[in-house]
Every structure is written in C-alpha cells, then in structure tokens.
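Just below is one structure, and these are the notes that go with it.
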Amino acid sequence: MTPSPSPSPAEHPVGTAEVRLAHTADLNAATLTAARILLYDVFDDMTAEDWEHALGGMHALVHEDGELIGHASVVQRRLLHNGRALRCGYVEGVGVRADRRGHGHGAAMMNALERVIHNAYDLGALGAADDAATFYAARGWQPWRGPSSALTPHGIHRTPDEDGSLYVLVTSATLDLGGELTCDWREGDAW
C-alpha cells in the first residue's frame, strides 16, 4: 500500500475540512466576499475598517464541502518597543462559523498563521476578546502586561482600553512584557 502524500505546506487537513494559506492578492472576489460575510456573522461589532485590517497579508481559510467556514489572517505591522521598530505579524479576523466551532478549525488556522509568524516576523501580536484569551494562552501567546499606545498623526497616545487584551507570540525579538508597546497608526481600532 502506498502512503498518501503529505499535504503541501499551504494545505493542512482538518477532518474533512482543509486549511488553505494564501495571500490577499491570490484570493478571488468570491472568496473575499465569503470571508467578509463570515466575519460579519461571527462578530456583532465588525466594521468596514476591521475588514480592511484583515487584508494585505496571509489568510488561513477553512472550507468544508466547498463552503468557507473559517477565516484568519496575519498582516504586517510595526510595533515600537524598547526603542526599536519591530516587524510584527498581527493576527486579524479569526472566526469560525458558529455551527462548526469546537472541531479544531481555529487551532488549524492558527497553526498555519503561527508558522508564518515564526518564519517572517520579529514577533506576533493580536487583540483577544475575553472569551478567546484562554485559547491563545494555551497556544503559547503571552499577555502583554505593560501599557499600550498608538503612534497617531498627533503623536503617541495611550490606548488604555486595550491594556489586558493584547497578546504576543515571541519569535526573535527580546521583549519586556511589562514595558510599553506602541502600534502603528491605522483608521478604525488602533489595535
């Protein structure tokens, strides 16, 4: 009996579902529309800016029976820490359709994105909702204990509402998890 071939690095099977890793530029309009609809269904407070934040990087997509049931992306951002501008893989738009949660799809998507982060960035970062914090912590993401800020067009401004909800994945950067962390500017939510 011939062993089945290993999946390519961009495809990771999950039960009958498959994780596909692709850059925004490689996704057709139908896939992007399906991802946007999925995220609007998953998050009650999803905005046009939130969707825009998820674009321009690598997407982990889970399809089951031809239908998109999960999405997550990692985009490049610059975070300032200890006098350095760090290249950050920032995770956005992580969501699984409600009826398909609890089957390992979120973990499979994060496996794919974490591989990208470990191989391409100084660190990973994300903002976690309270109900997702345990999921990320179990994967090795560490809570940021220090103050957070944003580098706005008017200078550095504290973002105290984000304190306690930011998580980092340490790759090559030396981090003081109790120090200040400042993100680059973007429209909508800074983090």
Side-chain angles (χ1 to χ4, degrees), residues 10-77 79 88-117 120-121 124-139 141 143-144 148 150 159 161-162 164-169 183-191:
E11 297 176 357
H12 310 278
V14 177
T16 60
E18 184 179 282
V19 176
R20 175 179 168 220
L21 191 60
H23 191 277
T24 302
D26 296 322
L27 299 177
N28 62 33
T31 300
L32 289 169
T33 298
R36 185 176 185 164
I37 290 168
L38 171 72
L39 292 177
Y40 272 83
D41 286 345
V42 169
F43 299 105
D44 294 337
D45 58 351
M46 184 80 178
T47 66
E49 288 90 1
D50 294 332
W51 170 245
E52 184 178 312
H53 297 165
L55 301 175
M58 297 299 292
H59 299 258
L61 305 164
V62 177
H63 287 87
E64 198 170 69
D65 300 324
E67 187 174 349
L68 183 68
I69 63 164
H71 172 276
S73 65
V74 61
V75 297
Q76 182 172 308
R77 297 191 69 186
L79 299 186
C88 174
Y90 199 81
V91 175
E92 294 283 1
V94 180
V96 175
R97 199 174 74 192
D99 66 331
R100 300 306 301 140
R101 292 181 191 145
H103 297 277
H105 302 304
M109 291 186 303
M110 288 304 296
N111 286 342
L113 294 185
E114 288 163 359
R115 184 179 61 79
V116 171
I117 291 167
Y121 296 103
L126 57 81
D130 290 341
D131 58 348
T134 304
F135 171 76
Y136 294 115
R139 301 188 59 76
W141 289 77
W144 192 264
S148 63
T159 54
D161 290 347
E162 303 303 326
S165 66
L166 299 175
Y167 283 74
V168 295
L169 183 64
C183 67
D184 54 1
W185 178 248
R186 63 187 187 177
E187 294 297 323
D189 292 334
W191 291 96

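Each residue takes its place number in the sequence, starting with 1.
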| query | Measuring from W191:CH2 to E92:CD, what's the distance to the nearest 0.5 Å? | reply | 11.0 Å
| remark: Those residues at least two apart in sequence (or on a different chain) that pass salt bridge (charged side-chain N to carboxylate O under 4.0 Å, His left out) with D189 are none
| remark: Between A125 and L79 the two heavy atoms that sit nearest each other are CB-CD1, 3.9 Å
| request: Heavy atoms only: give me the nearest M109-A72 pair and the separation to one decimal. | output: SD-N, 3.9 Å
| query | Taking only residues two or more places apart in sequence or in another chain, which ones pass side chain to side chain donor-acceptor pair (under 3.5 Å) with D44? | reply | none
| request: Decide yes or no for H103 and V96: does some side-chain heavy atom of the first lie under 4.5 Å from some side-chain heavy atom of the second? | output: no
| request: State, with a plain yes or no, whether a side-chain heavy atom of L27 is found less than 4.5 Å away from one of L61. | output: yes
Side-chain donor-acceptor pairs of residues 126-135 under 3.5 Å, sequence neighbours excluded:
none

| task | For R97, enumerate each residue passing the side chain to side chain donor-acceptor pair (under 3.5 Å) test, keeping only those at least two apart in sequence or located in another chain. | result | E67, D99
| Residue pair G124 / C88: nearest heavy atoms and the distance that separates them | C-SG, 4.1 Å
| What closest approach, in Å, do V75 and Y121 show between heavy atoms, and which atom pair accounts for it? | C-OH, 4.3 Å
| remark: Distance col, row T31:OG1 vs H63:NE2, nearest 0.5 angstrom, shows 5.0 Å
| With L113, the side-chain contact (heavy atoms from CB on, under 4.5 Å) member among L21, V19, L169 | L21
| message | Under the rule for side chain to side chain donor-acceptor pair (under 3.5 Å), what residues qualify as partners of R101, not counting sequence neighbours? | response | none
| query | Just by distance, do the side chain of T24 and the backbone of L55 share a donor-acceptor pair under 3.5 Å? | reply | no
| field | Contact list for residues 29-61, test ring pair (Phe, Tyr, Trp, His ring centres under 6.0 Å), sequence neighbours left out | value | H59-H71
| note | For D41, the side chain to side chain donor-acceptor pair (under 3.5 Å) test, sequence neighbours excluded, returns none
| Taking the side chain from H23 and the backbone from A25, do they hold a donor-acceptor pair closer than 3.5 Å? | yes
| remark: Taking every heavy atom of R100 against every heavy atom of H105, the minimum-distance pair comes out as O-CD2, 3.2 Å
| query | Of the non-hydrogen atoms in A112 and A60, which two are nearest, and what is the gap between them? | reply | CB-CB, 4.4 Å
| note | CG (D161) and OG (S148) are apart, to the nearest 0.5 Å, by 8.5 Å
| said: Tell me every residue that passes side chain to side chain contact (heavy atoms under 4.5 Å, CB included) with T33, counting only those two or more places apart in sequence or in another chain. | reply: I37
| Which residues pass the salt bridge (charged side-chain N to carboxylate O under 4.0 Å, His left out) test with E162, sequence neighbours left out? | none
| request: Quick one: do Y167 and R139 satisfy side-chain contact (heavy atoms from CB on, under 4.5 Å)? Show the steps, please. | output: CA-CA 11 Å; Y167 283 74; R139 301 188 59 76; over 6 Å; no
| request: Start with the C-alpha distance between Y90 and D184, add both sets of side-chain angles, then the distance that settles side-chain contact (heavy atoms from CB on, under 4.5 Å), and finish with yes or no. | output: CA-CA 11 Å; Y90 199 81; D184 54 1; over 6 Å; no
| message | Using a 6.0 Å cut-off, check whether atom CD of E52 has over 12 heavy atoms from anything other than its own residue. | response | no
| message | Rounded at 0.5 Å granularity, tell me how far CE in M110 sits from CD1 in I117. | response | 6.0 Å
